[in-house]
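In listed order, ligands and their atoms are each counted from 1.
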Amino acid sequence: MSLDSIDRVAVLGAGNMGHGITEVTAMAGYDVTMRDIKDEFVEDGYESIEWSLQKLEEKELIDESADDVLSRIETTTDLEEAVSDADLVIEAAPEDLDLKHDIFSDLEEYTSEETLLATNTSSLPISDIAAAVDTPERVLGLHFFNPPVKMDLVEVIYGEDTSDEAAEAGYEWIESIGKTPIYVRKDVRGFVVNTIVGPFGGEPAFMVSNDEATIREADATMVHERGYPMGPFELADLTGIDVGYHVRKEGDSPIPPITEEKVEAEELGQKTGKGFYDYEGGDGADYEPEDAGDFDWLRVEARMINRAAFLVGEDVAKPEEVDTGVQLGLGFPEGICRRADKIGLDTVLEKLETLYAETGEDRFEPHPFLEQLVAEGKTGEEAGAGFYDYSDDELGPYHDLNYDLEDGVLAIELDRPSRMNALSNDLLAEIDDLLTAVETDEVRCVTLEGAGDRAFSAGADISGFGDAEPTDLMDVTPAFETVNDFPRPVLAKIDGFCLGGGLELALACDLRIATERSSFGAPEIGLGLIPGGGGTQRLTRILGETRAKELVFRGNHIDADRAEEWGLINRSVEREEFDDTIEEFVDDLRNGPPIGLKVAKKVMNEGQDASLDAALAMESQGFGLLISTDDVLEGTAAFAEDRDPEFEGK
Ligand SMILES: C/C=C/C(=O)SCCNC(=O)CCNC(=O)[C@H](O)C(C)(C)COP(=O)(O)OP(=O)(O)OC[C@H]1O[C@@H](n2cnc3c(N)ncnc32)[C@H](O)[C@@H]1OP(=O)(O)O
């Protein structure tokens with residue numbers, strides 16, 4: 001049982017999750033059979049796939065035609081036919097344990113022992129489902145998020161008997177379809193993501209029930225002050241208040257009175273026209289930044305952090321996995337473990353202890369792992385260790401970017417994939433800090449890319465615009481200038497959207513290589529804005545006024561081929577050639593003469609704003625300066641000896 005042995009996949013269920021999983025499986029090149037119990041269910045699911053693939057083709061988000069992808073999908077209502085030659089079966093049937101037992105006992109009969117059996121359950125224990133087969137070691141959870149085509153995250157869950165071999169095969173298969181897996185090493189209720197999200201909705205509901213806060217205060221604070229994509233009540237209205245209610249009931253968790261009242265009144269959220277907000281008679285979730293007030297956000301985050309302590313302390317998941325889970329699965333602005341380390345675990349513990357002492361409610365009881373970290377002095381970033389260890393970090397710590405400095409290449413990844421790597425003030429400050437603090441002599445070149453598979457960056461973070469001061473927004477340029485002035489070549493690796501401030505960041509780089517599917521644009525005008533990170537000026541210099549004004553005035557996107565034709569990027573390449581092309585460029589930059597490249601960059605950047613005479617004088621000075629360097633001696637010697645030069649930057 002390994003990734004290599006997986007060629008054919010069967011998905012059982014053609015509902016929202018089933019057809020979504022079928023679609024992403026076929027998009028990744030696998031042959032897949034989608035099965036449901038009735039022809040009409042199968043047909044509906046297939047039509048949804050057709051519609052979605054058509055949209056993806058129109059938006060050029062797939063490299064082949066919708067028909068090519070569809071040609072890999074078969075449908076049936078016959079279970080045996082669907083699974084008998086499958087190497088991986090993913091069950092996506094309704095959340096009913098008896099039904100799943102029936103399916104899995106049939107799977108035992110119809111599949112070989114080598115077939116990997118996965119369930120997409122979000123709420124039932126994997127071990128309970130696996131009890132229906134004699135070979136539970138090959139049963140695992142593969143929990144996709146809705147909708148699977150859009151959501152990157154998949155939880156790979158161990159049941160009590162799941163073998164490492166099966167879990168690893170599942171994990172690698174998820175990677176092979178371009179999704180991001182995280183391991184959930186124990187079969188805990190809610191797995192990772194739903195374990196954390198519980199208090200996000202639950203605690204504010206208790207606070208409102210106790211008259212300690214208002215709905216708008218809670219939503220405005222969590223969104224506008226703490227950066228969450230939606231307020232807890234807004235989210236409950238979207239997902240259905242009854243959904244959260246039933247999850248709590250089944251898990252024997254206390255139910256906030258306000259939630260109970262809403263369910264009794266059948267005001268379940270958007271689907272019934274009314275929930276915590278009114279979507280028919282009123283304006284829906286109409287909270288404003290100024291509603292934030294004194295809402296006690298720490299009480300909510302402390303409870304989520306306590307759950308993270310449970311997951312990490314009980315070896316269910318590592319801090320990195322918890323953080324990836326909440327960012328990709330819930331769109332949290334940063335990982336909850338990172339946030340905890342920033343707040344200070346001692347502050348979090350004190351909050352929980354106080355609430356526990358005041359109320360006696362079990363939900364505030366601190367987890368022993370949190371107590372242990374604090375007792376060991378691991379209270380977070382400032383102490384050098386918390387959930388994460390910061391003692392080896394010479395730079396940072398950084399929350400919104402990752403970096404790696406190896407063999408002279410400083411690789412920077414913008415790490416806000418759930419926000420299309422949108423540039424928040426924090427992220428811009430981190431780019432600025434990293435490039436200012438890094439030891440330049442250790443760097444030969446820099447690469448800059450976006451995390452996830454959708455965007456380099458979709459621009460400045462629009463969610464911060466609502467309550468921002470003009471001076472905050474006027475502050476984007478320093479980071480771009482730091483990139484532009486960094487005394488080593490900087491290469492933008494663009495795969496996906498490169499828009500607004502993201503485009504401006506790429507323009508501040510020296511070189512830009514993009515995949516063919518990438519798209520470029522300055523959409524600010526659609527927001528009533530203009531580019532504010534150098535776009536109006538750099539676009540004009542790079543493209544000329546005619547094309548620059550087209551991009552800025554119309555706000556349209558252009559594709560990578562046109563961007564190459566216009567000279568906006570150096571290369572537009574197919575995805576399969578992307579890494580090799582980057583490697584070729586990076587090799588040249590890494591092995592080039594550091595001082596020569598630094599002087600070339602400076603003279604070329606500064607020369608653009610000078611008269612030709614002044615610019616030529618700059619160039620001559622640079623040339624003269626270089627002639628006395630060891631690198632020039634080495635370059636000329638290597639030429640005479642017909643070998644590759646080894647420049648040392650002296
Ligand atoms: C000085 C500089 C100024 C500027 O840069 S102003 C900003 C200029 N940029 C833009 O106007 C682009 C805004 N984004 C978009 O138009 C779309 O997105 C895309 C075309 C890039 C992709 O569209 P789709 O495939 O439908 O994805 P999705 O659901 O819109 O985005 C996924 C998640 O990413 C968040 N997001 C995207 N762009 C930004 C952004 N610029 N700032 C903050 N969040 C952003 C969304 O909200 C959403 O999040 P959720 O899943 O929670 O709904």
Enquirer: Using a 4.0 Å heavy-atom threshold (strictly under), name the region of E524 that reaches ligand 1: side chain, backbone, both or neither.
Expert: side chain
Enquirer: Please give me the minimum heavy-atom distance between G496 and S518, naming the atom from each residue.
Expert: N-OG, 3.0 Å
Enquirer: Give a yes/no verdict on a cation-pi contact between R338 and F387, requiring under 6.0 Å between NZ or CZ and the six-membered ring centre and an angle within 45° of the axis.
Expert: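 Checked: cation-pi criterion not met.
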Enquirer: Can you tell which part of I462 has a heavy atom less than 4.0 Å from ligand 1: side chain, backbone, both or neither?
Expert: both
Enquirer: Checking side chain to side chain contact (heavy atoms under 4.5 Å, CB included) against W51, which of K55, Q54, E47 comes through?
Expert: K55
Enquirer: I'd like to check which ligand 1 atoms, numbered from 1 as shown, lie under 4.0 Å from a non-hydrogen atom of G459.
Expert: 5 (O)
Enquirer: Could you name the option among K59, M420, R419 that has the heavy atom nearest to atom 44 (N) of ligand 1?
Expert: R419
Enquirer: Under 4.0 Å from a heavy atom of G501: which atoms of ligand 1 are those, numbered in the order shown and with their elements?
Expert: 2 (C), 4 (C), 5 (O)
Enquirer: Does some non-hydrogen atom of P531 fall short of 4.0 Å from ligand 1?
Expert: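 It does not; every heavy atom stays at 4.0 Å or beyond.
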Enquirer: Considering only heavy atoms, does S418 approach ligand 1 within less than 4.0 Å through its side chain, its backbone, both, or neither?
Expert: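 The answer is the backbone.
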Enquirer: Are any of the N/O atoms in A458 less than 3.5 Å from those in ligand 1?
Expert: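 It does: an N or O of A458 is found under 3.5 Å from an N or O of ligand 1.
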Enquirer: Only heavy atoms of G500, strictly under 4.0 Å: list the atoms of ligand 1 that pass.
Expert: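 Numbered from 1, ligand 1 contributes 5 (O).
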Enquirer: So if I count the atoms of ligand 1 from 1 in the order they appear, which ones are less than 4.0 Å from some heavy atom of G532?
Expert: 1 (C)
Enquirer: Is it the side chain, the backbone, both or neither of L529 that has a heavy atom closer than 4.0 Å to ligand 1?
Expert: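 No part of L529 is near ligand 1 at this cut-off.
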Enquirer: Considering distance alone, does some N or O of G533 sit under 3.5 Å from an N or O of ligand 1?
Expert: no
Enquirer: Side chains of D559 and S519: do they bring a donor and an acceptor to under 3.5 Å?
Expert: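 Note: D559 and S519 side chains miss the donor-acceptor criterion.
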Enquirer: Which of the atoms of ligand 1 are close to K150, meaning less than 4.0 Å from one of its heavy atoms?
Expert: 29 (O)
Enquirer: Ligand 1 and R454, any nitrogen or oxygen pair closer than 3.5 angstrom?
Expert: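 Indeed, backbone or side chain, R454 has an N or O that close.
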Enquirer: Angle between ring planes, F332 versus F200, binned at 30° and 60°: parallel, tilted or perpendicular?
Expert: tilted
Enquirer: Are the side chain of D219 and the backbone of Y287 linked by a donor-acceptor contact shorter than 3.5 Å?
Expert: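 No, D219 side chain to Y287 backbone: no donor-acceptor pair under 3.5 Å.
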Enquirer: Could you label the plane-to-plane angle of the H143 and F145 rings as parallel, tilted or perpendicular, counting under 30° as parallel and over 60° as perpendicular?
Expert: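 Tilted.
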Enquirer: For ligand 1, which atoms, with element, lie under 4.0 Å from some heavy atom of P229?
Expert: 52 (O)
Enquirer: For ligand 1, indicate whether the residue A460 contacts it via side chain, backbone, both or neither (heavy-atom separation under 4.0 Å).
Expert: both
Enquirer: List the steps and the verdict of side-chain contact (heavy atoms from CB on, under 4.5 Å) for M27 and L56.
Expert: CA-CA 11 Å; M27 276 162 57; L56 292 173; 3.8 Å; yes
Enquirer: Which bit of M230 is near ligand 1, meaning a heavy atom under 4.0 Å away: side chain, backbone, both or neither?
Expert: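 It is neither; nothing of M230 touches ligand 1.
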Enquirer: Looking at E504, which atoms of ligand 1 are within less than 4.0 Å of one of its heavy atoms?
Expert: 1 (C), 2 (C)
